[in-house]
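Down below is the structure, laid out as structure tokens.
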Amino acid sequence: MKKILITGISGLVGGVITGKLKDKYTITGVDRRKFNDVPTLQADCTNLERVLPAFNGIDVVIDLASDPNQYSEWDVIHKTNLICTSTALEASRISGVERYIFASSNHVTGMYEFDSPYKEIVNGDYSKVDNKNFQLLTTQMPIRPDGPYGIGKAFGEAAGRYYSDKYGLSVMCLRIGTLNAESAPTNTRQFSTLLTHNDLARLVISCIEASKDIRFGIYYGVSNNKWKFWDTSNSLQEINYKPEDDAESFR
Ligand SMILES: NC(=O)c1ccc[n+]([C@@H]2O[C@H](COP(=O)([O-])OP(=O)(O)OC[C@H]3O[C@@H](n4cnc5c(N)ncnc54)[C@H](O)[C@@H]3O)[C@@H](O)[C@H]2O)c1
């Protein structure tokens, strides 16, 4: 069984991944909060020396530790998110980890949502949108972060690219849409952005199992929603991610 380390395991995303994947992989965790499901080091992920032992012998790191609040101010991003990310990358490099999967965010490109037709879609104003003919946002398009949180995630993607190019770490960045406890839309925007728990598991397994030849990739983490506006065709081609759920079924 592959050995997987999840940072930030005690949170929502970590709990879902652990629950769905723990029979398939040997999962361990690190978090400043306690977690009882699998062996977890209780430590602050901004402290390289403290967390380094958890990376020993690991094949794949799933790096979730950060403040997930999209409205976080600069001081939080500086003190927590940037340092958690750079620490996990450095620990992965030192420990010879094969693959690093980064919990990036759709907020790296959040400013597109203020332009048409995305703003109409997130507001549920579907009659103003030609469903067949709008441009999906691809991971090739320029980033347009919508605040310090999104900028911090763009930092993580750039740092991941550097560790891939410089040190040969295989890096995959997941621009997660909305992963909530309900695994169902709780507002209008989420009919576009929802990533169900089962599709999250499919996405993470796709990343873990993808060819070692993939050195770097950015993938939107979204279900197969009727009104999704992020392109997942590169995920299908490169890592064989096939989302099966559609938020529309909850309408
Ligand atoms: N849930 C979503 O819809 C979503 C969307 C996009 C990106 N993400 C990203 O996915 C990751 C997980 O999000 P979540 O929704 O599970 O959030 P969460 O708050 O439920 O979990 C985050 C976990 O990280 C831990 N953590 C934070 N700072 C830490 C530190 N310095 N040291 C050790 N542990 C620390 C927390 O204790 C917590 O258990 C985050 O990086 C978030 O930005 C989530």
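For ligands, and for the atoms within them, numbers begin at 1 and follow the listed sequence.
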Open item on the list: Less than 4.0 Å is my threshold; does some heavy atom of Lys153 fall inside it relative to ligand 1?
Closed with: yes
Distance-only donor-acceptor pairs under 3.5 Å for side chains of residues 154-162, two or more places apart:
| from | atom 1 | to | atom 2 | distance (Å) |
| --- | --- | --- | --- | --- |
| Glu157 | OE1 | Arg175 | NH2 | 2.9 |
| Glu157 | OE2 | Ser104 | OG | 2.7 |
| Glu157 | OE2 | Arg175 | NE | 2.9 |

Open item on the list: Return the closest protein heavy atom for atom 3 (O) of ligand 1 as residue, atom name and distance.
Closed with: Leu179 N, 2.8 Å
Open item on the list: Check for me whether Gly177 has a heavy atom closer than 4.0 Å to any atom of ligand 1.
Closed with: yes
TODO: Run the numbers for me: atoms of ligand 1, each under 4.0 Å from some heavy atom of Cys45, listed by number.
DONE: 30 (C), 31 (N), 32 (N), 33 (C)
Task: Within 45° cone of Phe191 ring axis and under 6.0 Å: Arg251 NZ or CZ - done: yes
Open item on the list: List ligand 1 atoms under 4.0 Å from Gly11, heavy atoms only on the residue side.
Closed with: 16 (O), 18 (P), 20 (O), 21 (O), 39 (O)
TODO: Evaluate the side-chain hydrogen bond (donor to acceptor under 3.5 Å, both in side chains) criterion for residues Gln42 and Asp31: first the C-alpha distance (whole Å), next the side-chain angles of each, then the deciding distance (0.1 Å), finally the verdict.
DONE: CA-CA 5 Å; Gln42 208 177 338; Asp31 199 298; over 6 Å; no
Task: Tyr220: which of Asn106, Thr232, Thr109, Asp231 passes side-chain hydrogen bond (donor to acceptor under 3.5 Å, both in side chains) - done: Thr109
Task: Distance from atom 11 (C) of ligand 1 to nearest protein heavy atom, with residue and atom - done: Leu64 O, 3.2 Å
Task: For atom 43 (O) of ligand 1, the protein heavy atom that lies nearest, with its residue and separation - done: Tyr149 OH, 2.6 Å
TODO: Assess the side chains of Asn180 and Thr178: does a donor N or O sit below 3.5 Å from an acceptor N or O?
DONE: no
Open item on the list: For atom 20 (O) of ligand 1, what's the nearest protein heavy-atom neighbour? Residue, atom name and distance, please.
Closed with: Leu12 N, 2.9 Å
TODO: May I ask you to check whether over 12 heavy atoms, not counting those of Glu73, lie within 6.0 Å of atom CD?
DONE: no
Open item on the list: If we set the cut-off at 4.0 Å for heavy atoms, which region of Thr178 has an atom near ligand 1: side chain, backbone, both, or neither?
Closed with: backbone
Open item on the list: Over 60° means perpendicular and under 30° means parallel, so tell me whether Phe229 and Tyr118 are parallel, tilted or perpendicular.
Closed with: tilted
Open item on the list: For the residue pair Asn198 / Thr196, report whether a side-chain donor-acceptor contact shorter than 3.5 Å exists.
Closed with: no
Task: Protein heavy-atom partner closest to atom 24 (O) of ligand 1 - residue, atom, separation in Å - done: Gly8 CA, 3.4 Å
TODO: Heavy-atom contacts with Ala43 under 4.0 Å: which atoms of ligand 1 show up? List them by number with element.
DONE: 32 (N), 33 (C)
Task: Numbered atoms and elements of ligand 1 in range of Arg33, under 4.0 angstrom, heavy atoms - done: 37 (O), 38 (C), 39 (O)
Open item on the list: Using 30° and 60° as the class boundaries, would you call the ring planes of Tyr100 and Phe102 parallel, tilted or perpendicular?
Closed with: parallel
- [ ] Please name the pair of heavy atoms, one in Leu174 and one in Leu203, separated by the smallest distance, quoted to 0.1 Å.
- [x] CD1-CD2, 4.0 Å
Task: Protein contact to atom 4 (C) of ligand 1 [nearest heavy atom, distance to 0.1 Å] - done: Ile176 CG2, 3.9 Å
Open item on the list: Does any N or O of ligand 1 fall below 3.5 Å from an N or O anywhere on Arg32, backbone included?
Closed with: yes
Task: Under 4.0 Å to a heavy atom of Ser104 - the qualifying atoms of ligand 1, by number - done: 6 (C), 7 (C)
Open item on the list: Please list the nearest protein heavy atom to atom 39 (O) of ligand 1 with its residue and the distance rounded to 0.1 Å.
Closed with: Asp31 OD2, 2.7 Å
Open item on the list: Check this for me - ligand 1, Val13, N or O atoms closer than 3.5 angstrom, yes or no?
Closed with: yes
TODO: Using a strict cut-off of 4.0 Å, indicate which atoms of ligand 1 neighbour a heavy atom of Ser66.
DONE: 22 (C), 24 (O), 27 (C), 40 (C), 41 (O), 42 (C), 43 (O)
Open item on the list: What protein heavy atom lies closest to atom 17 (O) of ligand 1? Include the residue and the distance to one decimal.
Closed with: Pro68 CG, 3.3 Å
Task: Atoms in ligand 1 flagged as close to Ala103, the criterion being non-hydrogen separation under 4.0 Å - done: 9 (C), 10 (O), 11 (C), 41 (O)
- [ ] Would you tell me whether Ser223 and Asp199 have side-chain atoms, one donor and one acceptor, within less than 3.5 Å of each other?
- [x] yes
Task: Connected via hydrophobic side-chain network under 4.5 Å: Leu169 and Val51 - done: yes
Open item on the list: Any nitrogen or oxygen of Ile9, side chain or backbone, less than 3.5 Å from one on ligand 1?
Closed with: no
Task: Per-atom contacts of ligand 1 with Cys84, taking only distances under 4.0 Å to non-hydrogen atoms - done: 30 (C), 31 (N)
TODO: Determine whether more than 12 heavy atoms belonging to other residues, nucleotides or ligands lie under 6.0 Å from atom OH of Tyr126.
DONE: yes
